[in-house]
2 protein chains.
Amino acid sequence: MHKEHTLTKNQQIIFDLIDKSSEPMKAYSILFNVQKKGIKAPLQVYRALDKLVEIGKIHKIESRNAFIACHNSSCQVAKATAFSICEICEKVTEISSAGLSKYLANFKDKDGMKYSKYNLEFFGLCKKCR
Amino acid sequence: MHKEHTLTKNQQIIFDLIDKSSEPMKAYSILFNVQKKGIKAPLQVYRALDKLVEIGKIHKIESRNAFIACHNSSCQVAKATAFSICEICEKVTEISSAGLSKYLANFKDKDGMKYSKYNLEFFGLCKKCR
DNA sequence: TACATAGTGTTATATTATAACATTTTAAAT
DNA sequence: ATTTAAAATGTTATAATATAACACTATGTA
Ligand SMILES: [Zn+2]
Ligand SMILES: [Zn+2]
Ligand SMILES: [Zn+2]
Ligand SMILES: [Zn+2]
């Protein structure tokens, strides 16, 4: 469950844009889209993105340098994320699987070490592209 | 098991450097280190990196934009990778766990879709940093 | 030899992200 | 209400990461 945060103006503008988007958005594409709302510089975008990631409202797709809104209420605030990525159309979907998150949260490496924070990206072809 | 490839001169120089390194290396750090061997431009580095990733000799740590040599002989040529990353000292270790790779290779999403290719990055504190 | 494929060298440029600093807003705490 | 600390903003400049385009060379193979 997401802790409720009151977003600031810039954060809200940028979150709304990402949330409405059907696909992950890149920082400079976000910048282009919010310039008419007065956000003019990359740093303004990156600062809002950093905060939104920190509080779990969005996630960064590391292999794509892009950002997607979280629609997974069981997401532990940006700490444990999993996505499927279509290698043809680049559609990205957040995976919400209790089994998967439980398996990964309980996974121990050779030294018996557990990791509560992880990011998993699966690659394949989506339904349409198969 | 890695298919054997004969590396070209640039590929070999860059692989040797990454392989000797105790930590993931970034592209421009690689460039700096191989300039005395005649590799002068970013593109020469990126082309070698692309190929080395493709054939599974190295992996890219996506969250760090850095490259590490593969020391996991069961790695299916760059397709299925898992790492632990220390958030303090940035030590990165490739995870070699039959159980984990089996679980992930067999994971099915809501649509019953399987993904043979994935990248997983665990974050936490290494032994030293705890 | 002819041909296709992969690799190289080079210059220029695109894309992604942060440093530094001054100022303003916000939300407590007194 | 005033003080104060933390967070956010605005701005300019720059750093770091990655690719486009083009001419050329090496390699394998039919
Ligand atoms: Zn989420
Ligand atoms: Zn697709
Ligand atoms: Zn490997
Ligand atoms: Zn460490």
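None of these values were measured; they are calculated from a predicted model. Quick note on labels: first sequence line is chain A, next is B, and so on, each numbered from 1.
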Check: B/Ser97 main-chain N/O paired with B/Ser101 side-chain donor or acceptor under 3.5 Å:
yes
How many Å lie between CG on A/Leu49 and C1' on D/dT9, as a whole number?
15 Å
Considering only nitrogen or oxygen atoms on both sides, find all protein atoms under 3.5 Å from nucleotides 11-13 of chain D and state each distance.
none

Hey, is the side chain of A/Thr8 poking within less than 4.0 Å of OP1 or OP2 on D/dT9, counting only N and O atoms?
yes
Nearest to the side chain of A/Lys26, heavy atoms from C-beta on, is which of C/dT16, C/dG7, D/dA18?
C/dT16
Where the side chain of B/Tyr28 is concerned, which of D/dT17, C/dG7, C/dA17 is the nearest nucleotide?
D/dT17
Give a yes/no on whether any side-chain N or O of A/Lys60 is located under 4.0 angstrom from OP1 or OP2 of C/dA17.
yes
Atom-to-atom span, CD1 of B/Ile39 to C1' of C/dT10 - whole angstrom
14 Å
In whole angstrom, give the distance that lies between atom OH of A/Tyr46 and atom P of C/dA20.
18 Å
State, with a plain yes or no, whether a side-chain heavy atom of A/Ile85 is found less than 4.5 Å away from one of B/Tyr115.
no
Any non-hydrogen side-chain atom of A/Thr81 less than 4.5 Å from a side-chain atom of A/Leu120?
no
Would you please confirm or rule out a distance under 4.0 Å between OP1 or OP2 of C/dT15 and any side-chain N or O of A/Asn65?
no
Does any non-hydrogen side-chain atom of A/Phe123 lie less than 4.5 Å from one of B/Ser116?
no
For B/Ile30 and D/dA18, what is the distance between atoms CD1 and C1' respectively, to the nearest whole Å?
13 Å
Between A/Ser63 and A/Glu121, does any side-chain donor sit less than 3.5 Å from a side-chain acceptor?
yes
For A/Asp19 and A/His71, which heavy atoms make the closest approach, and how far apart are they?
OD1-NE2, 3.1 Å
Round to a whole Å and report the spacing from CD1 of B/Ile13 to C1' of C/dT8.
12 Å
Return the value, rounded to whole Å, for the distance between atom CD of B/Gln35 and atom P of C/dT10.
12 Å
Using atom types as modelled and distance alone, determine if a side-chain donor or acceptor of A/Gln12 lies under 3.5 Å from a backbone N or O of A/Lys9.
no
Considering only C/dA17, D/dA18, D/dT9, which nucleotide approaches the side chain of A/Asn10 most closely?
D/dT9
Hey, where does DNA chain D pair up into stems, meaning at least three consecutive Watson-Crick or G-U pairs with distances under 3.5 Å?
C:1-30 with D:1-30
For the pair made of NZ in A/Lys51 and P in D/dA6, what is the distance, rounded to whole Å?
14 Å
Over how many whole Å does the gap from B/Arg64 atom CZ to D/dA18 atom C1' extend?
19 Å
Classify the ring geometry of B/Tyr118 against A/Phe122: parallel below 30°, tilted from 30° to 60°, perpendicular beyond 60°.
perpendicular
Is a side-chain N or O of B/Asp111 found less than 3.5 angstrom from the main chain of B/Met113, in a donor-acceptor match?
no
